[in-house]
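A quick write-up on the structure given underneath.
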Amino acid sequence: MQNKELPDFFSKKENEFWMTEDERGTMKLNYRLKNIISAKHSQYQHVAIVDSYDFGRCLVLDGIIQTTALDGCIYNEMISHVPLVTHPNPQNVLVIGGGDCGAANEVSKYDEPQSIDMVEIDAVVVEECRKHLPEVAGQGDMDKRVNILYKDGLVHVKEKTDHYDIAIIDSSDPVGPATKLFEKEFYTDVSRCLKEDGLMVCQSESPVFYRDIMLKTFNTLKELFPIVRLYLAVVPSYPGGLWSFTLASKKYDPLNADLTRLCKHTKYINQGVFKGSFNLPNFMREYIE
Ligand code: SAM
């Protein structure tokens with residue numbers, strides 16, 4: 001790949017490839033790369049698959065790491081198995097975003113879902129991950145229950161009422177096409193597209209560096225759902241490591257879930273991790289109490 005084709009977050013210094021993730025004005029993270037496997041401008045964003053020394057292959061959107069071969073399993077298991085086990089009979093599952101296919105693959109490990117709609121805005125993300133990131137996207141054909149719809153998640157949830165048991169919002173950070181996926185209007189539509197005992201989960205950013213986004217998500221969902229729980233995992237490739245997820249439910253509480261239903265074919269989550277992920281550190285308890 002010619003250097004001149006590459007955006008500024010890639011650089012070559014003395015025959016070494018580097019990627020600089022511009023987290024914010026005061027914090028930039030540098031990753032040494034073995035190779036840039038592919039780099040494309042889609043209609044929505046810059047989509048790259050890189051091979052890094054420390055995380056293996058990574059999906060990078062607009063210069064921000066989304067998922068990696070090393071730790072993609074942590075994020076994808078936590079955003080998928082927790083809602084799948086909390087709902088006792090999840091038949092219709094919606095994944096919004098999730099173009100790396102990791103969440104849809106985790107949902108597919110359960111027998112109960114009859115359909116898994118994955119609504120991803122950007123076909124290029126799915127194509128590139130399926131081609132170059134099998135550690136996350138899987139190999140061979142996807143489970144027959146997965147229907148990939150290339151459309152805006154905002155539009156999709158406006159079109160459905162009383163339809164899904166679970167909605168998993170696996171979005172990128174709240175910039176670009178994902179901005180509106182963090183707003184009250186969207187969560188209101190998600191609530192309407194869920195059945196009367198449905199539940200949703202979203203990634204709600206870093207409790208360390210983006211407390212404002214996490215709390216806004218938590219407080220907004222509290223206005224819309226009777227049960228709202230924050231839970232945590234450590235995802236080393238996300239700035240700050242500690243990552244929050246928010247589960248909002250009309251009926252079922254993850255604290256009362258039947259953990260014997262938890263799938264055993266996982267790398268990260270088990271019954272102890274599931275339970276422990278809801279034990280929040282004091283600084284987070286103070287934020288939400
Ligand atoms: N695990 C990741 C994280 O926390 O950074 C998210 C991964 S996933 C690749 C995020 C996906 O959301 C991207 O592929 C992006 O194209 C998609 N996306 C962003 N906005 C969207 C929208 N409005 N509707 C549907 N998909 C969207």
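As the structure lists them, so they are numbered: ligands from 1, and atoms in each ligand from 1. Computed from heavy atoms alone, side chains included, the values below leave out hydrogens, waters and symmetry copies. Here the structure is a predicted model, which means the values were calculated and not measured.
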Using a strict 4.0 Å threshold on nitrogen-to-oxygen distance, state whether [X] and [Y] make a salt bridge.
X: Lys250; Y: Asp197; answer: no
X: Lys109; Y: Glu106; answer: yes
X: Glu112; Y: Arg145; answer: no
X: Lys40; Y: Glu127; answer: no

Nearest protein heavy atom to [atom], by residue and atom, and its distance?
atom: atom 21 (C) of ligand 1; value: Leu181 CD1, 3.7 Å
atom: atom 12 (O) of ligand 1; value: Gly97 CA, 3.4 Å
atom: atom 27 (C) of ligand 1; value: Ile121 CG2, 3.7 Å

Within ligand 1, which atoms have a heavy atom of [X] less than 4.0 Å away?
X: Ser172; result: 10 (C), 11 (C), 12 (O), 13 (C), 15 (C), 19 (C)
X: Leu59; result: 9 (C)
X: Gly153; result: 22 (C), 24 (N), 25 (C)
X: Val119; result: 25 (C), 26 (N)
X: Gln203; result: 4 (O)

**Report entry** Positive for ring pair (Phe, Tyr, Trp, His ring centres under 6.0 Å) with Tyr238, one of Phe209, Trp243, Phe245
**Finding:**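 That would be Trp243.
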
Query raised in the report: Looking at Phe274, Tyr110, Tyr231, Tyr268, which hits ring pair (Phe, Tyr, Trp, His ring centres under 6.0 Å) with His81?
Result: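 Single ring pair (Phe, Tyr, Trp, His ring centres under 6.0 Å) partner of His81 among Phe274, Tyr110, Tyr231, Tyr268: Tyr110.
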
Query raised in the report: Which atoms form the tightest heavy-atom contact between Pro83 and Val201, and what is the distance?
Result: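 Taking Pro83 first and Val201 second, the nearest heavy atoms are CG-CG1, 3.6 Å.
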
Query raised in the report: Do you know the tightest heavy-atom contact between Glu205 and Pro174?
Result: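 Result for this residue pair: OE2-CD, 3.6 Å.
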
Report task. Could you see which bit of Gln66 sits under 4.0 Å from ligand 1, with heavy atoms only: side chain, backbone, both or neither? Result ->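 It is both backbone and side chain that touch ligand 1.
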
Query raised in the report: How does Val125 reach ligand 1, by side chain, by backbone, by both or by neither, if only non-hydrogen atoms under 4.0 Å count?
Result: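 The side chain, only.
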
Query raised in the report: For Tyr210, what residues pass the ring pair (Phe, Tyr, Trp, His ring centres under 6.0 Å) criterion, not counting sequence neighbours?
Result: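 With sequence neighbours excluded, Tyr210 shows a ring pair (Phe, Tyr, Trp, His ring centres under 6.0 Å) to no residue whatsoever.
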
So is [X] in contact with ligand 1, going by heavy-atom distances below 4.0 Å?
X: Asp100; answer: yes
X: Tyr238; answer: yes
X: Leu61; answer: yes
X: Gln45; answer: yes

Query raised in the report: Under 3.5 Å between some N or O of ligand 1 and some N or O of Glu120?
Result: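 Min N/O separation from ligand 1 is below 3.5 Å for Glu120.
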
Query - Sub-3.5 Å N/O-N/O distance, Asp152 and ligand 1 - result: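 Looking only at distances, the answer is yes, because the N/O contact criterion of under 3.5 Å is met.
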
**Report entry** Point-to-point distance, once rounded to the nearest 0.5 Å, from CE of Met200 to CG of Leu194
**Finding:**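 Met200 atom CE to Leu194 atom CG measures 8.0 Å (nearest 0.5 Å).
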
Report task. Taking the side chain as every heavy atom from C-beta outward, state whether Val47 and Leu59 have any atom pair closer than 4.5 Å. Result ->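 Yes, side chains in contact.
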
Query - Option whose closest heavy atom lies nearest to atom 10 (C) of ligand 1, chosen from Thr67, Asp170, Ile65, Ile169 - result: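 Of the listed residues, Asp170 has the closest heavy atom.
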
